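Heavy-atom basis, side chains included; hydrogens, waters and symmetry copies ignored. The chains referred to below are lettered A, B, ... by the order of the sequence lines, with proteins before strands, and numbering in each begins at 1. No experiment lies behind these values; they were computed from the predicted model shown.
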2 protein chains.
Amino acid sequence: MELFFVSLSETNIFRGLTAENIAGLMDGRPFRTREYVRDEYVAYSHDVCHDMLFVVKGSVRGEMTDFSGKRLKIEDIPAPRPLAAAFIFGKENRYPVDIIANEPSTILTIPRDVLIYILQHSQVVLQNYLNAISSRTQFLSNKIRFLSFKTIKEKIANYILSQMKSNQMTIVLDQTQTELADFFGVTRPSLARALAEMQEEGLLRAERREITILDKEKLNNLLNK
Amino acid sequence: MELFFVSLSETNIFRGLTAENIAGLMDGRPFRTREYVRDEYVAYSHDVCHDMLFVVKGSVRGEMTDFSGKRLKIEDIPAPRPLAAAFIFGKENRYPVDIIANEPSTILTIPRDVLIYILQHSQVVLQNYLNAISSRTQFLSNKIRFLSFKTIKEKIANYILSQMKSNQMTIVLDQTQTELADFFGVTRPSLARALAEMQEEGLLRAERREITILDKEKLNNLLNK
DNA sequence: TCGCATTTGTAACATATGATACAAAATAGC
DNA sequence: GCTATTTTGTATCATATGTTACAAATGCGA
């Protein structure tokens, strides 16, 4: 059995299939593997994305050129992982970044037609694929919802109200204030100050990791502008 | 031909198929339609989403209950449109909002299994479906990228650098400062002040709708922290 | 062309947050 | 139980942005 089928079977897209299953599915369909040397370009930003790519050996990175020509690394992608799940369909099916090999690496390329064939002939792969992009959508939606709270007090109100279990008025943080501040994307003293002010205003009582909700109504009003 | 197949053929998911095609695809598969009266609940927030829903007649709204019990309308969804494309797969396959009929409406419900069957037997629907969720992912990614610029100057730098056509150093805004400020989510005087300061710093020249880039390098540095 | 409405520039002040610093309190390791 | 480290509370100052107000510049319709 080719080693890259084993590698594929370890990706989230082909999970649940054996290397033999995958070989059977792809049998007679066009796909190719290619070795890249260190720093070789696998794909170029803005190119139309016709194929699904898998890193089956080595690792690659996403890199972009900013407006002034400077290079910025975006992400490292080690084998075994799919590369273009989100770019191959949709209105703007172009690579958003350059893809460059970090080390000698093997990329397996599956044309879009073949991917569609596979999705139509393996329920497991279809479900995996749909789950992968749907999870990503849900992740991004949550992130945007979270980013929509502008002030630290709004973030705090949203956080403690969503942590609250069944009208239990006291919650205990499972992370330090430093970690929470980091999660909120604010500085630690600013978080502590916001908590102190909210206590001053009678919304809650905060002592170290224990927060008691005193005025749920007012807390909530912070969230609806 | 049932009217709801005609309605389905007008949705982005079934676009490209005729009502007859769709009827053929669904023939013998379980699905159901149901009428809802005004203000009747179609689905409840947090319920697990097992089915794909289509509004084939009337209109529904997404509504959520905030932490204090207040009701908030999120979105109106008129026929003909799919409802749950993004919630039916993925880790958290639950409705994020309540779905409530605005008026007497008809909802067509396709169980997930049947949806998968359809995706595997119609290449058109599969591609439509993948395009729909991929476009949404791309849209959300762009939105997050935009939100990641924190200061007004960063937003301005990003905006004018991306508007710049082929090293043309002058760009002319196609909207008023008020509209641009609104697009950035900031106030108009703050935008004007930021522009004035950037001019002071020698980055650009701004007079009314005409902006001339004077120091592309420094503008760009604003974007890479 | 005149007069009014819109757009733009700018100023003064208020607020939210970041940066930095330091001490008190809690915790962990020995 | 003692000490060193981490965590928390707080203060001061700087900066970015919002809020409000008003005047100058522009554009538009009669």
Among residues 178-193 of chain A, which residues get a heavy atom nearer than 4.0 Å to DNA chain D?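 Those residues whose heavy atoms fall under 4.0 Å from DNA chain D, taken from residues 178-193 of chain A in numerical order, are A:T178, A:R188, A:P189, A:A192, A:R193.
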Can you list the residues that meet the side-chain contact (heavy atoms from CB on, under 4.5 Å) rule with B:R193, with sequence neighbours excluded?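 Listed in chain order: B:S190, B:E197.
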Can you name the side-chain contact (heavy atoms from CB on, under 4.5 Å) partners of A:T109, sequence neighbours left out?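 Once residues adjacent in sequence are excluded, the partners of A:T109 under the side-chain contact (heavy atoms from CB on, under 4.5 Å) criterion are A:R32, A:D51, A:L53, A:I107.
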N/O donor to acceptor pairs below 3.5 angstrom from side-chain atoms of residues 8-16 of chain A, sequence neighbours left out:
residue	atom	partner	partner atom	Å
A:S9	OG	A:V6	O	2.6
A:T11	OG1	A:L8	O	2.7
A:T11	OG1	A:F14	N	3.3

Can you check the [X] [atom1] to [N] [atom2] distance for me, whole Å?
X	N	atom1	atom2	answer
A:K153	C:dG18	NZ	P	14 Å
A:K155	C:dT17	NZ	P	8 Å
B:E197	C:dT8	CD	C1'	16 Å
A:E207	C:dT27	CD	C1'	17 Å
B:R209	C:dG9	CZ	P	11 Å
B:M198	C:dG9	CE	P	14 Å
A:F149	C:dT17	CZ	P	14 Å
B:Q199	C:dT8	CD	P	15 Å

Which residues satisfy the ring-ring contact (aromatic ring centres under 6.0 Å, His included) test with B:F139, sequence neighbours excluded?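 So B:F139 forms no ring-ring contact (aromatic ring centres under 6.0 Å, His included) with any residue.
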How far does the helix from C:dT1-D:dA30 to C:dC30-D:dG1 bend, going by the axes of its first and last five pairs, to the nearest 10°?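 Roughly 40°, once rounded to the nearest ten degrees.
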May I have all residue pairs that pass side-chain hydrogen bond (donor to acceptor under 3.5 Å, both in side chains) and include part of residues 127-137 of chain B, sequence neighbours excluded?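 Non-adjacent pairs meeting side-chain hydrogen bond (donor to acceptor under 3.5 Å, both in side chains): A:T137-B:T137.
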With sequence neighbours left out, which residue pairs that include part of residues 172-183 of chain B fulfil the side-chain hydrogen bond (donor to acceptor under 3.5 Å, both in side chains) condition?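 The answer is B:Y159-B:Q175.
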Please tabulate, for side-chain N and O atoms in residues 82-97 of chain B, each donor-acceptor pair with protein atoms closer than 3.5 Å (sequence neighbours left out).
residue	atom	partner	partner atom	Å
B:E92	OE2	B:R94	NE	3.2
B:R94	NH1	B:H46	O	2.8

Are the side chains of A:S59 and A:E103 in contact, using a 4.5 Å heavy-atom criterion?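 Side chain of A:E103 against side chain of A:S59, heavy atoms only: contact under 4.5 Å found.
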Provide the full list of ring-ring contact (aromatic ring centres under 6.0 Å, His included) pairs with a residue in residues 188-213 of chain B, sequence neighbours left out, each pair given once.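 Sorted result for residues 188-213 of chain B: empty, none.
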Shoot me the first and last contacting nucleotide of DNA chain D against chain B, ordered 5' to 3', at under 4.0 angstrom to non-hydrogen atoms.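 On DNA chain D, the outermost contacted nucleotides are D:dT17 to D:dT26.
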Find which nucleotide of DNA chain C each of A:A194 and B:T176 is nearest to by heavy atoms, and output the residue with the more 5' nucleotide.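 By nearest-heavy-atom nucleotide position, the 5'-most residue is B:T176.
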May I have the list of side-chain donor-acceptor pairs in residues 200-214 of chain A shorter than 3.5 Å, sequence neighbours left out?
residue	atom	partner	partner atom	Å
A:E201	OE2	A:K153	NZ	2.8
A:T212	OG1	A:T170	OG1	3.3

Any base atoms under 4.0 Å from A:L195, or only sugar-phosphate, or nothing? Heavy atoms, all strands.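 Nothing, no heavy atom under 4.0 Å.
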Got more than 12 heavy atoms from elsewhere within 6.0 Å of CZ, B:R38?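 12 or below, so no.
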